[in-house]
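To start, the structure itself, in structure tokens.
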Amino acid sequence: QLQLVESGGGLVQPGGSLRLSCTASGMTLDYYGRGWFRQAPGKEREGVSCISSNGRYTNYADSVTGRFTISRDNAKNTVYLQMNSLKPEDTAVYHCARVMSCVGGNWHPFGSWGQGTQVTVSS
């Protein structure tokens, strides 16, 4: 069935960079927007960034604006999250999901959540 697989996480020092990838399997086209979400221990899952199906509209949480950049390559069925100037508070498990909308703060993700990829920012 359709599945999104995240990769690219790791351990970095504050100020470092990572690029996360979210690749869809079992399909050649994705007609939905796609968002990145993160969850740290003891906290609720929060939306980080969102991109429309055609890649021409993006949205970001205030906490990552100016540091993170979301993009997509539909030919590869992959969405990326370039994370620069990482801070310890960015530490979390990052998940991607299809969304109904990238407008506002509730992007209405749907589908099951996978394992995600761990991002740890520490000195």
Side-chain angles (χ1 to χ4, degrees):
Q1 205 69 5
L2 300 180
Q3 184 178 6
L4 300 178
V5 179
E6 305 94 340
S7 63
L11 173 64
V12 297
Q13 296 185 20
S17 298
L18 286 172
R19 189 177 75 158
L20 308 184
S21 298
C22 172
T23 299
S25 62
M27 60 183 293
T28 58
L29 293 174
D30 191 346
Y31 298 102
Y32 297 94
R34 204 178 298 178
W36 283 98
F37 303 80
R38 67 187 181 188
Q39 187 169 28
K43 297 183 179 180
E44 295 185 350
R45 180 179 286 108
E46 63 175 337
V48 177
S49 186
C50 193
I51 188 168
S52 61
S53 60
N54 61 16
R56 288 191 271 273
Y57 179 82
T58 59
N59 203 351
Y60 299 90
D62 290 343
S63 60
V64 307
T65 296
R67 300 187 297 119
F68 291 8
T69 303
I70 191 169
S71 62
R72 69 187 302 158
D73 184 343
N74 285 345
K76 298 181 179 179
N77 218 358
T78 299
V79 170
Y80 304 96
L81 184 67
Q82 179 66 47
M83 306 186 296
N84 299 325
S85 302
L86 283 162
K87 305 175 180 179
E89 49 263 47
D90 296 318
T91 296
V93 177
Y94 284 70
H95 304 262
C96 66
R98 297 179 181 86
V99 301
M100 298 300 296
S101 173
C102 287
V103 177
N106 190 345
W107 302 327
H108 298 96
F110 63 94
S112 61
W113 298 102
Q115 294 297 307
T117 185
Q118 176 71 49
V119 172
T120 302
V121 185
S122 176
S123 60

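What you see below is based on every heavy atom in this structure, not just the backbone, and it leaves out hydrogens, waters and symmetry mates.
Heavy atoms from other residues, nucleotides or ligands lying under 6.0 Å from CG of Asn54 number more than 12. Other residues, nucleotides and ligands place no more than 12 heavy atoms under 6.0 Å from the CD atom of Gln115.
Separation of atoms CD (Gln82) and CG (Leu18) is listed at 8.5 Å; rounding is to 0.5 Å. Within the model, atoms OG of Ser49 and CH2 of Trp107 stand 5.5 Å from one another, a figure rounded to the nearest 0.5 Å. The OG atom of Ser52 sits 10.5 Å away from the CG atom of Asn59 when rounded to the nearest 0.5 Å. The line from CG of Leu20 to SG of Cys96 is 9.0 Å long, rounded to the nearest 0.5 Å. Atom OG of Ser21 and atom CG of Leu4 lie 12.5 Å apart (nearest 0.5 Å).
When side chains are defined from C-beta on, Pro88 counts as touching Pro14, because their heavy atoms get closer than 4.5 Å. Inter-residue side-chain proximity for Val48 and Tyr94 is flagged as met; some heavy-atom pair is nearer than 4.5 Å.
For the pair Arg34 (side chain) and Cys22 (backbone), a donor-acceptor distance under 3.5 Å is present. Under a 3.5 Å cut-off, the side chain of Asn84 and the backbone N or O of Gly16 do not form any donor-acceptor pair. Side chain of Asn77 to main chain of Thr23: no donor-acceptor pair is present (N/O by atom type, distance under 3.5 Å, no hydrogens or angles). Judged by distance alone, the side chain of Tyr60 and the main-chain N or O of Ile70 form a donor-acceptor pair under 3.5 Å. Side chain of Thr91 to backbone of Val121: a donor-acceptor contact under 3.5 angstrom is found.
Figure legend: cation-pi geometry between Arg45 and Trp113, with NZ or CZ positioned under 6.0 Å from the six-membered ring centre and within 45° of its axis.
Val12 and Met83 fall within a single hydrophobic cluster, where Ile, Leu, Val, Met, Phe, Trp and Tyr are joined by side-chain heavy atoms under 4.5 Å apart, directly or via other members.
Residues Phe37 and Ala97 come closest through the heavy atom pair CE1-CB, 4.1 Å. Nearest heavy-atom pair across Ser101 and Cys50 is O-SG, 3.9 Å. Here the closest non-hydrogen pair linking Asp90 and Arg67 is OD2-NH1, 2.8 Å. Between Ile51 and Cys102 the shortest heavy-atom distance is N-SG, 3.2 Å.
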* **Working for side chain to side chain contact (heavy atoms under 4.5 Å, CB included), residues Leu81 and Arg19** => CA-CA 6 Å; Leu81 184 67; Arg19 189 177 75 158; over 6 Å; no
* **Worked verdict on Arg38 versus His95 for side chain to side chain contact (heavy atoms under 4.5 Å, CB included)** => CA-CA 6 Å; Arg38 67 187 181 188; His95 304 262; over 6 Å; no
* Please report the C-alpha distance between Met100 and Phe110 in whole Å, then the side-chain angles of each, then the deciding distance to 0.1 Å, and finally whether the side chain to side chain contact (heavy atoms under 4.5 Å, CB included) criterion is met. => CA-CA 8 Å; Met100 298 300 296; Phe110 63 94; 3.6 Å; yes
* **Step-by-step side chain to side chain contact (heavy atoms under 4.5 Å, CB included) determination, Thr117 to Val93** => CA-CA 5 Å; Thr117 185; Val93 177; over 6 Å; no
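Residues Thr78 and Asp73 have side chains that never bring a donor and an acceptor to within less than 3.5 angstrom of each other.
For Trp36 and Phe68, the distance between ring centers is not under 6.0 angstrom.
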